[in-house]
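Structure first, then comments.
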Amino acid sequence: QHQDHWSLYIASAHWAVMTLTSIGYGDLVPQNSVERAVGVVCMLVAGCLWATLIGSATAIISSLNDKKTLFNHTMDEVNSMMQHKHLPQSLRRRIREYFIQKHDVDDAMAFQNMMRLLSPQLQKQVC
C-alpha cells in the first residue's frame, strides 16, 4: 500500500508538471513510476531553462532602448504628480508638451555634441 501511495503521488506530479510547463501529452508515455519521476525532473529542468531563456531575451530587448524607457518613466512620474496635485487638464497638457519638447531638444543637443567629436571629414559625410 505504501508503494501505491508513492506511485499515485509520482503520477499526479507528472501530470501536474506536464500540464503547468505546457509540454503537453505527447506520444511518449511513461510506463512506471521511475519513468514518471525522471519525466518530472526533466520537465522541471526544461521549464526552468525555458523561463531563463525568455527572461534573458526580454532583459536584452528592454535594455536596447534605455533612453526611451527613462523618458517613459519620467512621463509616468509627471503624470502621477499632476494627478496627485489635481492640476487642470489644460495645464497638464502644457506640462506634457514641455517635457516632450525638452526631450527632443536634449536629443538634438546630444547629436550635436556627438558630431563635435567626429573629424571634419566624417562630419561632412554625416550631414
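- Here the shortest heavy-atom pairing between Leu91 and Leu87 reads CD2-CD2, 4.0 Å.
- Taking NE2 of His73 as the reference point, atom CG of Asp66 lies at 12.5 Å (rounded to 0.5 Å).
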**Message:** Let's go through Val78 and Tyr98 carefully: what are the C-alpha distance in whole Å and the side-chain angles of both, what is the deciding distance for side-chain contact (heavy atoms from CB on, under 4.5 Å) to 0.1 Å, and is it a yes or a no?
**Reply:** CA-CA 11 Å; Val78 168; Tyr98 168 80; over 6 Å; no

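- Side-chain contact between Phe111 and Val126 is present, with heavy atoms from C-beta onward closer than 4.5 Å.
- Shown here is Glu77, whose CD atom has more than 12 heavy atoms of other residues, nucleotides or ligands within 6.0 Å.
- The shortest heavy-atom contact between Val40 and Ile10 is CG2-O, 4.4 Å.
- Atoms NE2 and CG, on His103 and Leu70 in that order, are 9.0 Å from each other to the nearest 0.5 Å.
- Note: Leu8 CG to Arg36 CZ = 10.0 Å, rounded to the nearest 0.5 Å.
- Between the side chain of Arg92 and the backbone N or O of Asn79, no donor-acceptor pair lies under 3.5 Å.
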**Prompt:** Leu49 and Leu53: side-chain contact (heavy atoms from CB on, under 4.5 Å), yes or no, with the steps?
**Reply:** CA-CA 6 Å; Leu49 289 173; Leu53 175 72; over 6 Å; no

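- Checking side-chain atoms of Glu35 against main-chain N and O of Gln31 turns up a donor-acceptor pair under 3.5 Å.
- Under a 3.5 Å cut-off, the side chain of Ser80 and the backbone N or O of Asp76 do not form any donor-acceptor pair.
- Between the OG1 atom of Thr19 and the NE2 atom of His14 there is a distance of 9.5 Å, given to the nearest 0.5 Å.
- Annotation for Met109: atom CE does not count as buried by contact number, only 12 or fewer foreign heavy atoms lying within 6.0 Å.
- Rounding to the nearest 0.5 angstrom, the gap separating the CE atom in Met82 from the CE atom in Met75 is 6.5 Å.
- Applying the salt bridge (Lys or Arg N to Asp or Glu O under 4.0 Å) rule to pairs touching residues 96-120 yields Lys67-Asp107, Lys102-Asp106, sequence neighbours excluded.
- Closest non-hydrogen pair, Phe99 versus Phe71, comes out as O-CE1, 3.8 Å.
- Taking CD1 of Ile54 as the reference point, atom CH2 of Trp50 lies at 4.0 Å (rounded to 0.5 Å).
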